[in-house]
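Here, residue 1 is the first one in the sequence, and each next residue gets the next number.
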Amino acid sequence: MGVLDHLSDYFTVDRPRKKRKAMQTVEIKVKMDCDGCERRVKNAVSSMKGAKQVEVNRKQSRVTVTGYVEPNKVLKKVKSTGKKAEFWPYVPYNLVAYPYVAQAYDKKAPSGYVKNVFQALPSPNAQDEKFVTMFSDENPNACSIM
């Protein structure tokens with residue numbers, strides 16, 4: 001180790017590095033009626049710092065933004081165009097345990113989607129559930145009952 005290396009340890013200047021936002025996809029539900037609405041929303045969101053890709057689907061009333069953006073800032077930017085906007089409340093119906101339970105099924109949802117709501121599972125102590133699972137093929141003790 002030389003003298004310069006030894007001295008450089010005392011005089012180094014470390015700049016705190018900015019933590020970069022994570023790459024993410026933000027989906028927003030926006031009611032768009034015409035090409036002008038679609039263009040206005042797309043231009044507003046694509047001008048955001050960190051937005052890499054913007055997809056607008058007017059048929060589903062959906063805007064998908066991919067990039068280094070914060071979801072709340074994207075929502076605020078879309079609302080600044082004068083449109084009513086909210087985060088995308090739907091998920092594909094095959095990802096939900098009970099897609100047609102109350103509050104999950106929505107007539108306004110695009111085909112193949114249901115609302116993303118908390119799904120209450122039946123109580124394991126419920127009497128009717130005990131009888132159903134008692135003779136189920138998935139119950140390892142079913143043979144001992146029969």
Side-chain angles (χ1 to χ4, degrees), residues 1-134 136-140 142:
M1 233 178 161
V3 175
L4 290 177
D5 291 332
H6 184 65
L7 289 175
S8 68
D9 290 339
Y10 292 109
F11 297 109
T12 58
V13 178
D14 289 331
R15 293 183 188 150
R17 293 184 183 222
K18 274 187 166 180
K19 188 174 182 181
R20 192 169 189 181
K21 298 173 189 163
M23 177 81 134
Q24 56 184 323
T25 301
V26 180
E27 295 179 332
I28 307 284
K29 179 182 174 185
V30 185
K31 180 70 175 156
M32 296 173 282
D33 299 322
C34 62
D35 291 334
C37 298
E38 184 179 340
R39 186 174 47 248
R40 187 172 26 187
V41 170
K42 186 171 184 170
N43 287 340
V45 176
S46 61
S47 67
M48 288 183 66
K49 183 179 177 183
K52 298 295 181 194
Q53 182 181 7
V54 178
E55 294 177 24
V56 178
N57 188 339
R58 188 169 74 194
K59 187 175 181 181
Q60 289 185 346
S61 300
R62 179 179 184 171
V63 176
T64 307
V65 181
T66 305
Y68 302 101
V69 293
E70 292 180 20
N72 291 329
K73 288 186 178 181
V74 174
L75 182 64
K76 188 175 180 182
K77 191 72 166 181
V78 171
K79 284 184 177 180
S80 73
T81 63
K83 296 289 178 188
K84 183 180 177 188
E86 62 179 333
F87 289 113
W88 186 252
Y90 305 116
V91 294
Y93 76 94
N94 57 357
L95 297 180
V96 178
Y98 300 106
Y100 295 106
V101 74
Q103 293 100 21
Y105 184 71
D106 186 7
K107 290 181 183 179
K108 295 178 185 177
S111 64
Y113 288 92
V114 293
K115 272 195 173 180
N116 189 10
V117 295
F118 175 73
Q119 302 267 328
L121 296 175
S123 171
N125 297 330
Q127 191 66 23
D128 57 344
E129 284 295 317
K130 285 184 180 179
F131 293 133
V132 172
T133 57
M134 188 181 300
S136 172
D137 291 335
E138 297 172 1
N139 184 359

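Contact record, Thr81 with Ala44: CG2-CB, 3.6 Å, taken as the closest heavy-atom pair. Of all the heavy atoms in Glu70 and Gln24, the pair that sits closest is CA-NE2, 4.2 Å. For the pair Lys79 and Ala85, the tightest heavy-atom approach, listed with the atom from each and the gap, is CE-O, 3.3 Å. Listed here is the closest heavy atom pair of Pro110 and Trp88: CG-CH2, 3.8 Å. Listed here is the closest heavy atom pair of Pro92 and Tyr113: N-CD2, 3.6 Å. The shortest heavy-atom contact between Arg58 and Met32 is CG-O, 3.4 Å.
Note that the OG atom of Ser80 and the CZ atom of Arg40 stand 10.0 Å from one another [nearest 0.5 Å]. Taken from OG1 in Thr25 to NZ in Lys52, the straight-line distance is 13.5 Å, to the nearest 0.5 Å. To the nearest 0.5 angstrom, Glu86 atom CD is 9.0 Å from Ile28 atom CD1. Distance check: Glu38 CD to Asn43 CG gives 10.5 Å after rounding to the nearest 0.5 Å. Taken to the nearest 0.5 Å, the NZ atom of Lys84 stands 11.5 Å off from the OG atom of Ser61.
Looking at heavy atoms from C-beta onward, Tyr90 lies in side-chain contact with Lys115 at the 4.5 angstrom threshold.
Crowding of Lys29 atom NZ: a count of heavy atoms from other residues, nucleotides or ligands under 6.0 Å exceeding 12.
Gln53 places no side-chain N or O within 3.5 Å of a backbone atom of Gly67 that could act as its donor or acceptor partner.
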